[in-house]
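This one's a predicted model, so the numbers in the text were calculated from it and none came from an experiment.
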Amino acid sequence: MPADTAIPPDAWSEPAPEPGPLPMAEPEQPPARRGRSGGRRLGGSRPDKPRTGEQTAEESRDPAAQARAVCLRLLTGSPRTRRQLADALRKRDIPDEVADEVLSRFEDVGLIDDAAFADAWVESRHTGRGLSRRALARELRSRGVSGSVVEDAVGRLDPEQEAETARALVDRKLRSTRGLDRQVRIRRLAGMLARRGYPEGLALRVVRQALAEEGESGEELDHWLPEE
């Protein structure tokens with residue numbers, strides 16, 4: 001091609017645009033963060049979690065599952081009788097037939113045992129609080145333990161053991177009554193035993209013996225004591 005007809009190198013290029021305003025900068029994306037599991041999360045998003053609300057709603061539609069959850073939660077705190085658990089389920093509007101089925105299953109696997117509950121209750125409350133057999137029986141019955149189970153548990157305390165416990169209670173309180181009028185001492189000591197369920201005859205007999213060993217006359221109690 002002749003030299004005078006050569007096409008300049010920039011002939012095919014577009015004309016340069018007129019200078020205009022600078023373009024707006026794109027917003028900067030937040031840096032990726034690491035989740036607790038070590039994976040990277042973009043834009044601060046959180047990994048999907050189980051929808052506990054949906055699970056709870058699902059359980060609430062299943063009375064048996066709800067009953068099991070209630071019983072397990074209560075038994076985790078302390079032993080309970082079947083009647084105590086039944087009362088708790090009734091307050092939560094669990095149908096009686098569902099509650100009976102769940103409670104029977106718990107009894108089958110040993111999670112509910114009224115006899116073991118009664119034995120442990122008698123041992124703990126007699127040793128720790130000095131309660132009499134009558135008071136212990138009253139407490140167990142109020143918790144729904146059947147009469148035969150109550151008799152077996154309370155029957156493990158023989159009369160001699162009950163009298164020894166009553167005397168130990170009197171001995172602990174005797175010192176705090178010294179210097180008081182004799183009648184006041186008698187009322188306080190006998191009243192303390194009465195509040196723990198001890199029969200009147202046993203209470204007065206133990207008080208008279210304790211006062212006599214201390215040098216006090218117990219003759220005033222003689223006419224209150226039952227005949228041997």
Side-chain angles (χ1 to χ4, degrees), residues 71 73-88 90-91 103 107 110-228:
C71 291
R73 184 170 65 251
L74 293 175
L75 290 171
T76 299
S78 63
R80 308 292 178 113
T81 66
R82 175 169 179 143
R83 220 278 298 282
Q84 287 177 311
L85 293 173
D87 290 345
R90 192 171 296 112
K91 290 179 180 178
L103 294 174
E107 280 185 328
L111 292 175
I112 300 176
D113 189 337
D114 282 4
F117 176 93
D119 289 342
W121 187 270
V122 168
E123 176 66 23
S124 173
R125 300 285 283 175
H126 181 74
T127 303
R129 295 289 305 280
L131 298 184
S132 68
R133 292 184 296 176
R134 184 168 61 182
L136 292 167
R138 183 169 58 246
E139 288 186 343
L140 288 173
R141 284 194 294 268
S142 71
R143 286 158 177 78
V145 181
S146 66
S148 59
V149 174
V150 170
E151 290 179 5
D152 289 342
V154 173
R156 300 177 186 276
L157 293 176
D158 57 53
E160 290 183 3
Q161 183 178 357
E162 188 176 42
E164 290 175 1
T165 302
R167 177 57 194 269
L169 291 170
V170 169
D171 288 343
R172 286 205 295 266
K173 191 173 180 62
L174 198 62
R175 180 177 299 177
S176 66
T177 65
R178 287 174 185 165
L180 299 177
D181 180 77
R182 183 184 297 110
Q183 289 290 339
V184 174
R185 299 187 78 188
I186 292 171
R187 284 198 303 271
R188 290 190 179 181
L189 295 171
M192 178 266 298
L193 293 178
R195 287 190 295 274
R196 286 169 170 78
Y198 288 91
E200 182 184 22
L202 172 61
L204 294 176
R205 192 174 295 112
V206 170
V207 171
R208 181 179 64 172
Q209 181 183 8
L211 292 176
E213 292 179 4
E214 199 183 49
E216 289 272 8
S217 173
E219 294 178 359
E220 301 172 21
L221 297 174
D222 288 344
H223 66 283
W224 291 344
L225 292 170
E227 295 182 0
E228 298 289 347

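The two residues Leu202 and Ala163 come nearest to each other via the heavy atoms CD1-CB, 4.0 Å.
Put simply, the side chain of Ser124 never gets that close to the backbone of Ala120: no donor and acceptor are under 3.5 Å apart. Within the 3.5 Å criterion, the main-chain N or O of Arg143 finds a donor-acceptor partner in the side chain of Thr81. Counting only distance, with no hydrogens or angles, the side chain of Arg125 and the backbone of Leu131 share no donor-acceptor pair below 3.5 Å.
Glu214 and Arg185 are joined by a salt bridge, as a carboxylate oxygen and a charged side-chain nitrogen come within less than 4.0 angstrom of each other. Using a 4.0 Å cut-off between a side-chain N of Lys or Arg and a carboxylate O of Asp or Glu, Lys91 and Asp87 do not qualify as a salt bridge.
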Trace of the side chain to side chain contact (heavy atoms under 4.5 Å, CB included) decision for Val122 with Leu140: CA-CA 9 Å; Val122 168; Leu140 288 173; 4.0 Å; yes
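A search for side-chain hydrogen bond (donor to acceptor under 3.5 Å, both in side chains) contacts involving Ser142 returns nothing, not counting sequence neighbours. For the side-chain hydrogen bond (donor to acceptor under 3.5 Å, both in side chains) test, residues two or more places apart in sequence or in another chain that qualify with Glu107 are Arg82. Applying the side-chain hydrogen bond (donor to acceptor under 3.5 Å, both in side chains) rule to Arg196 yields no partners; only residues at least two apart in sequence or on another chain are considered.
When side chains are defined from C-beta on, Leu157 does not count as touching Glu162, because their heavy atoms never get closer than 4.5 Å. Side chains of Tyr198 and Leu169 form a contact here, defined as non-hydrogen atoms less than 4.5 Å apart. For the pair Ile186/Leu211, a side-chain contact is recorded, criterion being any heavy-atom separation below 4.5 Å from C-beta on.
Around the CZ atom of Arg188, the shell of radius 6.0 Å holds no more than 12 heavy atoms that belong to other residues, nucleotides or ligands.
Between atom CD of residue Gln84 and atom SG of residue Cys71 there is a gap of 11.5 Å, rounded to the nearest 0.5 Å.
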